[in-house]
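Note that the numbering runs from 1 along the sequence shown for the chain. These figures come from a predicted structure and were not determined experimentally.
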Amino acid sequence: MVAERCAGGRPRGRRVAAVSLVALAALATGCEPGTAEGAQDVPPPVRATQAAAPTPSPFLTAPAPTTEDAKPSTAPPPSPSASTAAPAPAPTTARPAPEPSTAPPPRVLMRTGSESERVRELQARLRQIGHFGRNPTGYYGSVTADAVRSFQAKRRLPVTGSTDAVTWQRLLAMTRVPTAAELDPPTERPVAAPDERCLKGRVLCISKKSRTLAWMNDGKVVSAMDVRFGSEYTPTREGVFEVFWKSRDHVSTLYDTPMPYALFFSGGQAVHYSADFAANGYGGASHGCVNVRDKKKVAALFDQVKTGDKVVVSW
């Protein structure tokens with residue numbers, strides 16, 4: 001049919017061939033009408049999928065070789081949802097947990113309930129720097145534990161109330177060696193002027209006013225110590241008595257409490273050491289006895305006093 005439209009119905013072989021080639025080229029390349037004129041003078045166009053490589057110019061450098069990342073992917077294009085998804089986070093390497101410390105805790109040297117000359121030194125040193133507000137007793141009670149906590153907190157040490165090796169060394173570095181008067185002061189309060197009944201012979205002269213006991217021989221004070229008395233419901237009797245029984249390791253049968261170094265002078269009332277007095281001070285009271293909080297002093301007193309020695313309790 002193409003040949004019939006050309007001149008007079010006689011197909012011209014070369015013309016028909018050229019027109020066929022142009023038509024085929026137009027269909028293959030998608031060219032617009034009119035672009036096929038003179039197509040017989042040029043070689044047939046190359047399909048888009050088989051483009052010829054350009055002739056290299058002697059003035060251009062050769063292109064860099066294609067790397068693996070530049071190769072076209074043969075995988076299907078990603079879906080829209082995949083292209084907008086956030087990239088997966090890079091895997092992180094978990095840090096190993098720190099190993100617990102294997103260092104042993106500092107060794108405890110003194111704690112509540114301890115009783116020794118070292119405790120007395122501890123109390124004297126704490127008093128030097130304002131953490132212990134009373135005379136040393138040698139007994140580690142609640143007052144001493146509170147003083148140690150105060151010292152530990154101020155020095156940013158573990159606040160335990162017990163004296164471990166670290167606390168003790170820090171205290172030693174901050175204080176001096178206590179004097180004999182600091183370790184064994186006569187009393188916390190001044191000794192009262194002795195009652196006139198105490199001026200002759202061997203007398204335990206006890207003053208409720210000054211809360212002191214003075215062991216006297218013929219008007220001279222041999223030793224003195226702090227004491228406390230019974231409450232208003234169990235008062236300590238006043239008057240002149242004598243020691244009628246000594247019991248070194250006595251335990252109260254009425255209250256089931258220890259009464260070491262007991263010197264009985266009136267019924268069940270006695271002069272004796274009190275761990276509660278040593279620990280808690282004047283915050284408490286006895287059941288009528290005369291409590292001593294310095295164990296060392298009352299132990300020496302127990303050895304010196306004899307049965308029959310006078311006892312004077314007065315205001």
Under 3.5 Å, is there a donor-acceptor pair between the side chain of [X] and the main chain of [Y]?
| X | Y | answer |
| --- | --- | --- |
| Asp218 | Gly201 | yes |
| Thr236 | Gly288 | yes |
| Lys310 | Arg202 | no |
| Gln304 | Leu301 | no |

Side-chain ion pair, [X] and [Y], N-O less than 4.0 Å:
| X | Y | answer |
| --- | --- | --- |
| Arg149 | Asp146 | yes |
| Arg228 | Asp276 | yes |
| Lys295 | Glu115 | yes |

Distance in Å, [X] [atom1] paired with [Y] [atom2], rounded so as to fall on 0.5 Å steps:
| X | Y | atom1 | atom2 | result |
| --- | --- | --- | --- | --- |
| His272 | Cys289 | NE2 | SG | 4.0 Å |
| Ser223 | Trp215 | OG | CH2 | 8.5 Å |
| Leu126 | Ser150 | CG | OG | 8.5 Å |
| Arg170 | Thr167 | CZ | OG1 | 8.5 Å |

If you define the side chain from C-beta out and look only at heavy atoms, does anything of [X] sit under 4.5 Å from [Y]?
| X | Y | value |
| --- | --- | --- |
| Asn291 | Val271 | no |
| Glu117 | Glu121 | no |
| Asp294 | Asp226 | no |
| Ser274 | Val292 | no |
| Tyr273 | Tyr139 | yes |
| Val222 | Met216 | no |
| Gln152 | Pro158 | no |
| Lys208 | Ser314 | no |

Report task. Just do the side-chain contact (heavy atoms from CB on, under 4.5 Å) check on Arg176 and Gln128 with the steps written out, would you? Result -> CA-CA 8 Å; Arg176 53 178 171 74; Gln128 288 178 9; 3.5 Å; yes
Report summary line: Which of Glu242, Glu238, Arg237 passes side chain to side chain donor-acceptor pair (under 3.5 Å) with Ser266? It is Arg237
Hydrophobic cluster membership, with links at side-chain heavy-atom distances under 4.5 Å among I/L/V/M/F/W/Y: are [X] and [Y] in one?
| X | Y | value |
| --- | --- | --- |
| Trp245 | Val311 | no |
| Phe151 | Leu109 | yes |
| Met259 | Leu204 | no |
| Val312 | Ile206 | no |
| Val227 | Leu263 | yes |

Report task. Can you label the angle between the Phe244 ring and the Phe264 ring as parallel, tilted or perpendicular, going by 30° and 60°? Result ->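 Answer is tilted, since the angle falls between 30° and 60°.
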If we count only N and O atoms by modelled type, under 3.5 Å, do the side chains of [X] and [Y] hold a donor and an acceptor together?
| X | Y | value |
| --- | --- | --- |
| Ser162 | Thr160 | no |
| Arg127 | Asn135 | yes |
| Arg293 | Thr137 | no |
| His287 | Thr234 | no |
| Gln123 | Thr144 | yes |

**Report entry** Test salt bridge (charged side-chain N to carboxylate O under 4.0 Å, His left out) applied to Asp184 - qualifying residues, sequence neighbours left out
**Finding:** Arg120, Lys296
Requested in this report: Identify, with sequence neighbours excluded, every residue that meets salt bridge (charged side-chain N to carboxylate O under 4.0 Å, His left out) alongside Arg197.
Outcome: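 So Arg197 forms a salt bridge (charged side-chain N to carboxylate O under 4.0 Å, His left out) with Asp195.
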**Report entry** Face-on cation placement of Arg248 at Tyr261 ring, 6.0 Å and 45° thresholds
**Finding:** no
Query raised in the report: Just one of Leu171, Leu157, Val143, Leu122 clears the side-chain contact (heavy atoms from CB on, under 4.5 Å) bar with Val148, so which one?
Result: Leu122
Please find the pair of heavy atoms, one from [X] and one from [Y], that lie closest to each other, and give the distance.
| X | Y | value |
| --- | --- | --- |
| Thr163 | Trp168 | CG2-CB, 4.0 Å |
| Lys306 | Val243 | O-CB, 3.9 Å |
| Ala165 | Pro106 | N-CB, 4.3 Å |
| Ala192 | Thr212 | N-OG1, 3.9 Å |
| Ala279 | Gly141 | CB-CA, 3.6 Å |
| Ala214 | Val191 | CB-CG1, 4.2 Å |

Requested in this report: Walk me through it: do Met174 and Arg155 pass the test side-chain contact (heavy atoms from CB on, under 4.5 Å)?
Outcome: CA-CA 11 Å; Met174 297 181 61; Arg155 271 72 196 179; 2.7 Å; yes
Requested in this report: Go through the steps to decide whether Arg211 and Tyr282 satisfy the test side-chain contact (heavy atoms from CB on, under 4.5 Å), and finish with yes or no.
Outcome: CA-CA 10 Å; Arg211 293 192 281 190; Tyr282 290 100; 3.2 Å; yes
